[in-house]
Amino acid sequence: PPENSILEKVPTGGYRVKSDVHFHLYINTAPCGDARIFSPHEETSGPDNDRHYNRRSRGQLRTKIESGEGTIPVSSSEGIQTWDGVMQGDRLLTMSCSDKVCKWNVVGIQGALLSYFVEPVYLHSVILGSHFHATHMLRAVIGRLQSTISGLPKPYLMNTPKLNLLSSPEARQPRKSPNHSLNWTLGDSKCEMVDATKGKLMGSDGYSRLSKFSHFSRWLEMMKKNKLTPLQKIEGS
């Protein structure tokens, strides 16, 4: 029933999230990439206490180190990544977590497929567990774009989520990230464990319900039913 849905119809076509529904992102530590470019010994008391804000490393797009920990800046000379190139030994370029969150604050978290039906969905807040620097975090998730992007077509906007802290910060545990992940959504019969190194279910070659293949399959099923109204085309798109 419509009253039980988190979406409502848009008069011009498509859907949007109801005004009283909010999305929150919890991260136990500063996301890899630009938000993590700081020394643990830096002062964190003021909003503008980055002593080296002009450093070239600030605000850069960064890619994860393949089969390792950390990130490195993206070079414009690397060209376009192709699957053939990766298979022949080129380094796999994976977007850093800071860059992903920054992108979501412009295009939304709904993804390309749902953008066909749903207006942009933005994060209401980002909750941080521990080991972060407020100045670097704000720059990484939105600040580095505020002076470079303007005139976004509606319904897109420059979203600035609330940055919230835990009342009792987590103790930092310096160890390598685990090679597995768990996902669960209200209504699922059970949790799903995924091998993060392969993107497949633990102990099998099955696809995760969060994989692009699974999302695209469900999107095709919605399209076949032909019951949903697409969004009105945005001018200039």
Side-chain angles (χ1 to χ4, degrees), residues 1-10 13-32 64 67 69 92 94-101 103-105 107-130 141 159 161-171 173 175-231:
E3 60 271 16
N4 294 334
S5 175
I6 65 171
L7 301 175
E8 61 184 10
K9 285 189 175 182
V10 177
Y15 307 85
R16 63 187 168 211
V17 174
K18 292 179 179 178
S19 59
D20 59 346
V21 176
H22 302 297
F23 289 83
H24 309 272
L25 173 65
Y26 170 76
I27 313 173
N28 66 333
T29 186
C32 70
K64 295 182 180 180
S67 301
E69 298 283 320
L92 179 65
T94 305
M95 183 182 289
S96 70
C97 299
S98 291
D99 294 344
K100 289 179 183 177
V101 177
K103 181 186 74 171
W104 292 341
N105 282 323
V107 301
I109 61 175
Q110 72 286 342
L113 295 178
L114 279 183
S115 293
Y116 190 78
F117 298 108
V118 181
E119 287 188 356
V121 180
Y122 294 107
L123 292 171
H124 182 74
S125 70
V126 177
I127 300 97
L128 296 155
S130 62
V141 300
N159 178 60
K162 296 179 180 179
L163 299 182
N164 299 325
L165 315 179
L166 294 181
S167 56
S168 300
E170 295 181 351
Q173 300 176 353
R175 62 172 182 265
K176 189 175 181 180
S177 301
N179 291 329
H180 62 273
S181 65
L182 179 147
N183 69 79
W184 176 83
T185 305
L186 182 64
D188 291 337
S189 58
K190 59 181 180 180
C191 299
E192 183 182 77
M193 294 289 292
V194 180
D195 184 338
T197 62
K198 300 178 181 178
K200 294 186 177 182
L201 299 179
M202 294 286 289
S204 72
D205 288 329
Y207 293 102
S208 167
R209 58 192 172 201
L210 300 183
S211 67
K212 290 184 178 180
F213 175 82
S214 297
H215 283 316
F216 186 55
S217 297
R218 290 196 291 271
W219 186 81
L220 285 178
E221 289 299 318
M222 289 195 302
M223 294 294 288
K224 289 177 182 178
K225 292 179 181 179
N226 199 29
K227 292 183 179 180
L228 299 178
T229 306
L231 280 173

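Residue numbers run from 1 in the order of the sequence given.
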Are the side chain of Asn105 and the backbone of Val141 linked by a donor-acceptor contact shorter than 3.5 Å?
yes
One should read off an interatomic distance between Glu8 CD and Tyr15 OH, to the nearest 0.5 angstrom, of 12.0 Å
For a 4.5 angstrom cut-off between non-hydrogen side-chain atoms, does Val17 reach Leu7?
yes
Are any of the side-chain heavy atoms of Tyr116 and Gln110 separated by less than 4.5 Å?
no
First locate atom CG of Leu231, then atom CG of Leu114, and finally report the distance between them rounded to the nearest 0.5 Å.
10.0 Å
For Gly108 and Tyr122, which heavy atoms make the closest approach, and how far apart are they?
N-CE2, 3.7 Å
On a heavy-atom basis, which atom in Lys64 and which in Met95 lie closest, and how many Å separate them?
CE-O, 3.7 Å
Between Ser125 and Leu163 (side chain of the first, backbone of the second, donor and acceptor by atom type, cut-off under 3.5 Å), is there such a pair?
no
Find the distance between CG (Asn164) and NE2 (His24) and round it off to the nearest 0.5 Å.
8.5 Å
Does Lys162 have more than 12 heavy atoms from other residues, nucleotides or ligands lying within 6.0 Å of its NZ?
no
Do you know which two heavy atoms are closest between Pro31 and Ser98, and how far apart they sit?
O-OG, 3.2 Å
Could you check whether any side-chain heavy atom of Asp188 comes within less than 4.5 Å of a side-chain heavy atom of Arg209, counting everything from C-beta outward?
yes
Leu25 side chain near Val101 side chain, heavy-atom distance below 4.5 Å:
yes
Could you pull out the closest heavy-atom pair between Asp205 and Lys200, with the gap in Å?
O-CD, 3.6 Å
With side chains defined as the heavy atoms from C-beta onward, is the minimum distance between Met202 and Asp195 less than 4.5 Å?
yes
Mind checking whether Asn183 and Ser208 have side chains closer than 4.5 Å, heavy atoms only?
yes
CD1 (Ile6) and CG (Asp20) are apart, to the nearest 0.5 Å, by 10.5 Å
Tyr26 versus Gly129, closest heavy-atom pair with distance:
OH-CA, 3.9 Å
In terms of ring plane angle, is the pair Trp219 and Phe117 parallel, tilted or perpendicular, where the classes change at 30° and 60°?
tilted
Under 3.5 Å: donor-acceptor pair, side chain of Ser217, backbone of Phe213
yes
Applying side chain to side chain contact (heavy atoms under 4.5 Å, CB included) to Lys100 and Lys103, what does each step give before you reach the verdict?
CA-CA 5 Å; Lys100 289 179 183 177; Lys103 181 186 74 171; 5.6 Å; no
